[in-house]
Protein chains: 2
Amino acid sequence: MALSDLNPVERNEEGIAAVLGILKQQLGERFQTGQAIRSQHAHTTTYIPTQAPDGVAFPETTAEVQEIVRACAAHRVPVIAFGVGSSLEGHTNAPGGGISVDTSRMNRILSVNPQDLDCTVEPGVTREDLNRHLRDTGLFFPIDPGANASLGGMAATRASGTNAVRYGTMRENVLSLTAVMADGETVTTGKRAKKSSAGYDLTRLLVGSEGTLGIITSLTLKLQGIPQAISGGVCPFPSVEAACNAVIATIQMGIPVARIELVNALQMRAMKNYSKLDYPESPCLFVEFHGSDAGVAEQAETFGMIAEENGGGPFLWTSVAEERTKLWKARHDAYWASLTLRPGAKGLSTDVCVPISRFAECVTETEADIAEMGLIAPIVGHAGDGNFHVLVLMDVNDPNDIALSEKFVARLNLRAIAMDGTCTGEHGIGQGKIGFLRSELGHGVDIMRSIKQALDPQNIMNPGKILPAVGWIGRG
Amino acid sequence: MALSDLNPVERNEEGIAAVLGILKQQLGERFQTGQAIRSQHAHTTTYIPTQAPDGVAFPETTAEVQEIVRACAAHRVPVIAFGVGSSLEGHTNAPGGGISVDTSRMNRILSVNPQDLDCTVEPGVTREDLNRHLRDTGLFFPIDPGANASLGGMAATRASGTNAVRYGTMRENVLSLTAVMADGETVTTGKRAKKSSAGYDLTRLLVGSEGTLGIITSLTLKLQGIPQAISGGVCPFPSVEAACNAVIATIQMGIPVARIELVNALQMRAMKNYSKLDYPESPCLFVEFHGSDAGVAEQAETFGMIAEENGGGPFLWTSVAEERTKLWKARHDAYWASLTLRPGAKGLSTDVCVPISRFAECVTETEADIAEMGLIAPIVGHAGDGNFHVLVLMDVNDPNDIALSEKFVARLNLRAIAMDGTCTGEHGIGQGKIGFLRSELGHGVDIMRSIKQALDPQNIMNPGKILPAVGWIGRG
């Protein structure tokens with residue numbers, strides 16, 4: 001397995017040597033070239049091989065990021081933004097070497113505007129940091145991808161997670177941002193007004209651009225009031241299809257569900273063992289409601305009836321914070337629980353998202369594929385959005401296992417695309433999904449390339465990500 | 001007043017003559033060059049002078065739009081998309097001549113997917129057409145800019161309106177779209193999955209691009225369930241500031257208000273006379289709540305208390321459909337009511353949007369400006385979003401009146417930008433606001449220009465809109 005062979009980036013040794021010298025001088029101790037630190041800053045969470053950068057910079061200001069990018073631009077050297085490294089598709093790898101820009105020291109919360117329900121932060125602030133800081137204001141930032149990711153990284157990958165069904169994704173929750181572009185100039189993409197029709201939507205262009213157009217150095221985010229009451233619980237179903245039908249009915253009835261997560265039978269078994277949960281090993285929905293005391297009770301009761309109509313139940317729910325926390329901790333630990341199903345294996349995470357009317361069909365066909373191919377691969381899904389993750393547990397030292405897993409993933413991605421869905425609901429393209437982008441978006445890939453060439457003509461901003469090399473025929 | 005002098009587009013007489021011949025042959029009766037029809041397809045709603053195209057095409061398919069664009073591309077002739085002509089900033093004007101592409105015959109509703117809460121339509125479908133079609137499904141399309149605009153035009157200008165505070169704008173409600181780009185190729189920007197992280201957000205790039213990057217030939221839109229119950233009413237306040245404070249409190253308490261509109265005292269007087277409403281001539285909030293029977297009653301009561309705490313009231317509300325309809329008809333007729341304040345005058349509409357914490361201050365300073373300058377200029381505002389419209393009633397035959405009005409608008413736009421807001425919340429830049437774009441977005445304008453040059457190197461897609469001509473110093 002060497003994705004880098006598929007979408008290579010040429011190394012510019014001379015340029016890299018020059019930039020290493022410049023940055024050492026400019027940043028001193030805040031520029032590191034040791035092997036360990038370089039490896040840590042390449043991709044680590046999944047099976048994609050690590051491609052380390054040549055040095056890691058720790059800027060503290062936008063001006064310092066500008067200096068770094070200018071040095072790299074002058075010598076045509078790649079610049080790769082780094083948050084906390086929790087992305088899953090090789091986003092932080094350096095296939096042509098270059099400089100990793102670690103934003104962890106840019107972790108100031110610059111302003112909180114309670115009246116406007118927004119705040120402005122530096123990119124290295126993590127979502128847990130922000131929510132800790134906000135606690136006394138009665139506000140919170142709702143997007144929760146599971147990992148304690150940096151907000152800059154979440155914006156760059158257009159992340160979402162369990163409660164996107166109610167609060168949207170980073171696309172809907174970034175009001176504006178400041179980025180350092182490939183020429184070292186900064187751009188601020190908008191003001192703090194809640195809406196604007198002033199020209200092209202540069203905010204949305206940069207959200208999800210995975211560091212290939214610019215490096216985000218500050219973000220203005222929408223905030224929400226902490227709900228007066230929260231209720232939640234778990235409901236078992238006889239089949240994935242029954243669970244999905246309950247989800248469709250819930251969404252259609254306009255119940256403003258805050259989270260509605262599918263966990264399949266195998267994943268339930270893993271979570272039961274790992275998180276000591278007392279639930280049946282059948283497909284379950286984990287749900288949560290936000291609102292007034294009366295509102296969340298009403299929502300929970302209505303959902304219970306819907307579940308029953310679809311053959312599910314009993315729906316056990318609670319408003320007690322500790323019990324809910326245990327539940328969602330288990331859901332968030334699903335990744336680690338899964339790994340116990342095949343000790344020593346690495347997880348290949350998938351991320352398809354389909355129209356909700358095709359969700360049951362897509363999950364069911366995928367489960368059949370898993371059984372047929374003899375894979376160990378539990379499933380969790382953000383069912384309200386039609387998004388689900390299969391974690392394929394794979395022996396990365398066995399080429400046959402890798403080939404089989406990749407075959408499975410290709411079938412899954414193409415199945416989702418054929419169902420009018422996407423190969424990635426929230427993880428991004430990175431290196432891992434480049435081969436599927438044209439299958440999904442066709443000529444859109446050429447338009448993306450035109451934009452990339454216009455804004456980064458030297459291809460120094462996170463090269464080798466999102467866009468396939470010209471002439472390369474993707475696996476999709 | 002000749003905005004076209006400020007941001008000119010050169011006429012290519014030879015190319016235009018060639019394209020007129022080609023399109024006459026290709027489209028027959030569906031290509032018109034009569035004076036009346038050409039004038040109707042240039043801008044008419046506001047004071048901006050009409051700049052007619054050289055011909056108007058009435059395509060019926062995406063393939064026909066491609067043929068038109070290809071002919072124009074081959075001869076370097078402008079192509080201007082036209083919906084119903086309700087835009088307000090000269091969007092449909094043809095400063096360098098060229099071909100208007102009237103999408104009114106592309107008015108099919110291609111599919112409705114009730115389970116997925118989405119539908120796919122051609123660009124000429126109007127929002128009222130769509131909602132009539134949806135009635136039996138229990139679903140509706142919420143974006144309501146007042147005018148019965150075409151959905152293609154609404155997407156192109158990133159429109160919103162009275163209930164954006166709850167349902168968002170066209171930005172949040174277009175799931176994907178198909179467009180014919182400047183080279184005549186089509187692109188479909190996404191699938192029907194509710195969310196995606198697959199590369200650059202081409203949907204959001206085209207939404208709000210005002211026909212300057214491509215012509216939208218189909219759109220997939222998010223739908224909402226028709227609420228079980230709707231309640232609404234009108235609440236007077238002693239001052240704009242008191243009303244705005246009530247708005248802030250309402251939003252902060254997380255009341256999911258569906259509409260919350262500010263109408264100032266002068267506008268109330270005009271509406272009372274025009275729509276025969278029996279309300280005081282003081283600043284009022286028009287509000288509406290969507291939800292369950294119990295929910296909307298609870299929301300209305302809570303709002304009533306907030307209003308009282310801020311010196312407002314009485315808040316008279318109703319769940320009776322006919323009474324609500326009369327109320328919102330009056331709100332939607334505000335434009336026509338305003339014109340009666342100065343018979344014979346034309347309205348110059350403004351569209352600033354500021355963070356809600358600055359809303360009261362911005363409206364109050366603007367009212368002071370109006371009084372000081374002796375203008376007749378009522379105000380309505382989408383208060384929940386911080387967006388408001390001043391309609392300056394102006395004698396378009398009096399150069400002094402025009403100069404005074406433009407001075408007022410410039411002050412207003414720069415005031416909003418200084419308050420971290422935008423010169424346009426929902427109308428777009430068109431020709432009318434080009435001079436303010438750099439004040440608002442600085443280097444962002446250059447990035448927009450790079451994108452425009454990359455995707456439309458001949459500058460044939462609605463030229464002279466959004467982007468100032470190179471070297472031109474904007475009025476802002």
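Sequence lines set the chain letters: A, B, ... in the order given, protein chains first and strands last, and positions in each chain run from 1. Any value given below was found using the heavy atoms of this structure, including those in side chains, with hydrogens, waters and symmetry copies removed.
Contacts between T169(A) and chain B at a heavy-atom distance below 4.5 Å involve the side chain alone, from C-beta outward. Heavy-atom distances place no part of P227(A) under 4.5 Å from chain B, backbone and side chain included. With a threshold of 4.5 angstrom between heavy atoms, S209(A) approaches chain B through its backbone and through its side chain. Both the backbone and the side chain of I356(A) come within contact range of chain B, with heavy atoms under 4.5 Å apart. Using a 4.5 Å cut-off between heavy atoms, D385(A) contacts chain B through both its backbone and its side chain. Only the side chain of N387(B) comes within contact range of chain A, judged by heavy atoms closer than 4.5 Å. For chain B, the nearby part of T186(A) is the backbone; its heavy atoms alone come within less than 4.5 Å. Of the two parts of L441(B), the backbone and the side chain both hold a non-hydrogen atom closer than 4.5 Å to a non-hydrogen atom of chain A. Contacts between L467(B) and chain A at a heavy-atom distance below 4.5 Å involve the side chain alone, from C-beta outward. Of the two parts of E440(A), the backbone and the side chain both hold a non-hydrogen atom closer than 4.5 Å to a non-hydrogen atom of chain B. Interface remark: L202(B) contributes side-chain atoms only to the contact with chain A (heavy atom separation under 4.5 Å).
Interface check for chain A: of the options K452(B), Q453(B), Q224(B), the most heavy-atom pairs under 4.5 Å are formed by K452(B). In terms of heavy-atom pairs under 4.5 angstrom with chain B, the leader among A249(A), A454(A), G225(A), S357(A) is S357(A). With chain B as partner, the option from I447(A), T189(A), I417(A), I451(A) having the largest number of non-hydrogen pairs under 4.5 angstrom is I447(A). Listed options T422(B), V187(B), D420(B), T424(B) were ranked by heavy-atom pairs under 4.5 angstrom with chain A; first place goes to D420(B). Contact count against chain A (heavy-atom pairs under 4.5 Å) is highest for R204(B) among R204(B), M253(B), K194(B).
Looking only at atom types and distance, the side chain of D293(B) has a donor-acceptor partner in the side chain of Q228(B) under 3.5 Å away. One side chain, E210(B) or H91(B), offers a donor N or O that lies under 3.5 Å from an acceptor on the other. Side chain to side chain, H382(A) and E426(A) meet the donor-acceptor criterion of an N or O pair below 3.5 Å.
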inquiry  = Run the side-chain contact (heavy atoms from CB on, under 4.5 Å) test on R158(B) and D201(A) for me, step by step, so that the C-alpha distance in whole Å, both residues' side-chain angles and the decisive distance to 0.1 Å come before the verdict.
reply    = CA-CA 10 Å; R158(B) 204 182 292 133; D201(A) 191 342; 3.5 Å; yes

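Taking the six-membered ring where the residue is Trp, H427(A) and H389(A) present parallel rings, their angle staying beneath 30° rather than reaching 60°.
At a threshold of 4.5 Å between non-hydrogen side-chain atoms, the residues P256(B) and Q299(B) count as touching.
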